[in-house]
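Encoded as structure tokens, the structure appears first; notes follow it.
One-based numbering, in listed order, for ligands and for the atoms of each. The shown structure was predicted, so the numbers you read here are calculated from the model rather than taken from an experiment.
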Amino acid sequence: MCGIVGYIGKRKAADFLLDGLSKLEYRGYDSAGIAVVEKDGLRVEKCMGRLDALRKKLKGREPVGTVGIGHTRWATHGRPSDSNAHPHSDPTGQFVVVHNGIIENYLTLKEDMLAKGEKFSSDTDTEVAAHLFATYYHGDMEDAVHRVLRTIKGSYSLVFLCKAEPDKIICTKKDNPLVVGLGEGENYIASDIPAIINSTRKTYIMNDGEIAVVTADGVRLTDLEGKSISKKIYEVNWNAEAAEKGGFEHFMLKEIYEQPKAIRETMRGRVEDNRIVFKELDWDREFLARFNKIFIVACGTAYHAGIVGKCYIEQLAGIPVEVDIASEFRYRRPLIDENTLTVLISQSGETSDTLAALREAKRLGSHTVGVTNVVGSAVGREADQVIYTYAGPEIAVASTKAYTTQILVMLMFGIYLGNLNGRLDSVLSEDLVKGLLEVPELIHRQVEDVDQIKVFARKYGSSEDAFFLGRGLDYAVALEGALKLKEISYIHAEAYAAGELKHGTLALIVQGVPVIVLATQEDIYDKTISNIQEVKAREASVIAIGFEGDTELGKYADHVIYIPRTGKYLAPLLSVLPLQLLAYYAALTRGSDVDKPRNLAKSVTVE
Ligand code: F6R
């Protein structure tokens, strides 16, 4: 996700900002910029690309001012470009902001401003905040910031700088991280501790709705009404490397824990009055009626999300769906035409096979929709329409939070299509949307208590093989569970539709082989129980995953991992959690390099 740094003191701000931003590079970014208070006004310098490109741009003409803010951008609104890079200013250049997050009502605000003749130089939501800041400024920076916050809706860490009050920086946050660092005769702001840890360990970890007015000599904290508040200083006791991972041992674990936020961000702005809206698609019933078939095409984990998507779309919208592996699809002369909708799922948006499949689908006349996590990626640019997942950058090679946001998008897409073509019962539709809103909290509850999973990982971590079973949506999730386990722990793992095992693979089930069985689908629950009995009869060790309150599973399985009870369509969003954690802790037990498993790359840009 984007990175923020701020400095006010006696040193050259630009040096501090560039150094601080470099400590946030691990988060991923596509452009960078700084704004520094100079004698003749606020100087903004920014460009697309790495920090080195910005350093080059500044070479020999570095700003000398001692107050400034900086940003590394990870595109959400508008593709990566010089003009979309932060900081953003009002048209006079006297008011500057940097922002992480999403301003949900920016379009409405921007339309009003355009109607008044205001000019914009970027496609970002953030520029709207800079315009508001200028409009609301009448000699009191704090007051202007309060008014901005009363006007915007969404999630943000925001930092404000203004030419008329050059001796202060104001910052605030909602649903995005922000810290204020405390120094001697200087103070700092950052979206994450690594950016400032070389200068101080004394910080205020900002809470939602708190505002910090930061000067070189001190920090004053207020609430949104301007009332002063006092806050405990938090002493950081991590080293810089641990700080990058937010205190987690690995990026993968950090990303597993980030899933509630990733889900919230991906739903943001897409749920209105218990309905799903995809403004980026804006289809009507007639447009959807064009399609008699949907293809979902992807690789790896994204392909598994596609299999979940097939269940959702077929069951909620009644449209036939084929799911294909991109490397197969591109060469197998798929039977598609202008009446086929092709959905390409790709976290990175740069996977070579998926991109080739997208081009092939377009060549055959299909309408294409990309589902990607990276704005400005090739899939994002080339698909006819794009639905973004807002998981934030995923650094660990093993995909976790990207997968959950992909299946979330698939569920929302299924509901959207079912509402459009009238095939989805309105009560079920409303129940699903209400249920979705509860998912982040339910995931949060699950990751709070992982002791049992650690025990299983230790117990079965030395196994050579493992099997994952399930039926329907449980089978789709089992596929992802097996992939996670093999890619990071190197345990040979296979997933089977539970009813298929007896047609051959049952020969491999012997005493002590761990078999992980998902049992969340009520309509086929009894069948799954029979499959558990089948493998128990061969003395396998069964770990079942079922809902809290299930009193049956424990009678058949050796162990049960209980997940919060929810509906059958929402279950995949919760049942994948224990599988991700099991893979993670099994990999730890075996001492493998969790974030960079052997032979694998994060983005596969070769065929
Ligand atoms: C596994 C994993 C891979 C990717 C696959 C596609 O954990 O991450 O299987 O899902 O390489 O990548 P994207 O989604 O970037 O197209």
Distance filter under 4.0 Å to [X] heavy atoms, resulting ligand 1 atoms:
X: Gln347; answer: 13 (P), 14 (O), 15 (O), 16 (O)
X: Ala398; answer: 7 (O)
X: Ser399; answer: 7 (O), 8 (O)
X: Val397; answer: 7 (O), 8 (O)
X: Ala302; answer: 10 (O), 14 (O)
X: Lys484; answer: 1 (C), 7 (O)

**Report entry** Under 3.5 Å side-chain donor-acceptor pair for Glu25 and Tyr29
**Finding:**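 Yes, Tyr29 and Glu25 have a side-chain donor paired with an acceptor closer than 3.5 Å.
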I need the nearest protein heavy-atom contact for [atom]: residue, atom name and distance, please.
atom: atom 11 (O) of ligand 1; value: Val604 CG2, 4.1 Å
atom: atom 10 (O) of ligand 1; value: Thr301 N, 3.1 Å
atom: atom 15 (O) of ligand 1; value: Ser348 OG, 2.6 Å
atom: atom 5 (C) of ligand 1; value: Cys299 O, 3.6 Å
atom: atom 13 (P) of ligand 1; value: Thr351 OG1, 3.2 Å

Query raised in the report: Would you say Thr354 and ligand 1 have an N/O pair spaced under 3.5 Å apart?
Result: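 Checking ligand 1 against Thr354, no N or O pair falls under 3.5 Å apart.
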Kindly say whether [Y] contributes a backbone atom to a donor-acceptor pair with the side chain of [X] at under 3.5 angstrom?
X: Lys261; Y: Gly392; result: no
X: Asp30; Y: Ala75; result: yes
X: Lys401; Y: Pro260; result: no

Between [X] and [Y], does any side-chain N to carboxylate O distance fall below 4.0 Å?
X: Glu328; Y: Arg332; value: no
X: Arg275; Y: Glu272; value: no
X: Glu480; Y: Lys484; value: yes
X: Glu249; Y: Lys245; value: no

Requested in this report: Using the six-membered ring of Tyr390, assess whether NZ or CZ of Arg268 lies under 6.0 Å from its centre and within 45 degrees of the ring axis.
Outcome: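 No, Arg268 and Tyr390 do not form such a contact.
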Requested in this report: Select one of side chain, backbone, both or neither to describe which atoms of Glu487 lie under 4.0 Å from any atom of ligand 1, heavy atoms only.
Outcome: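 It is the side chain that gets close, since no backbone atom is under 4.0 Å.
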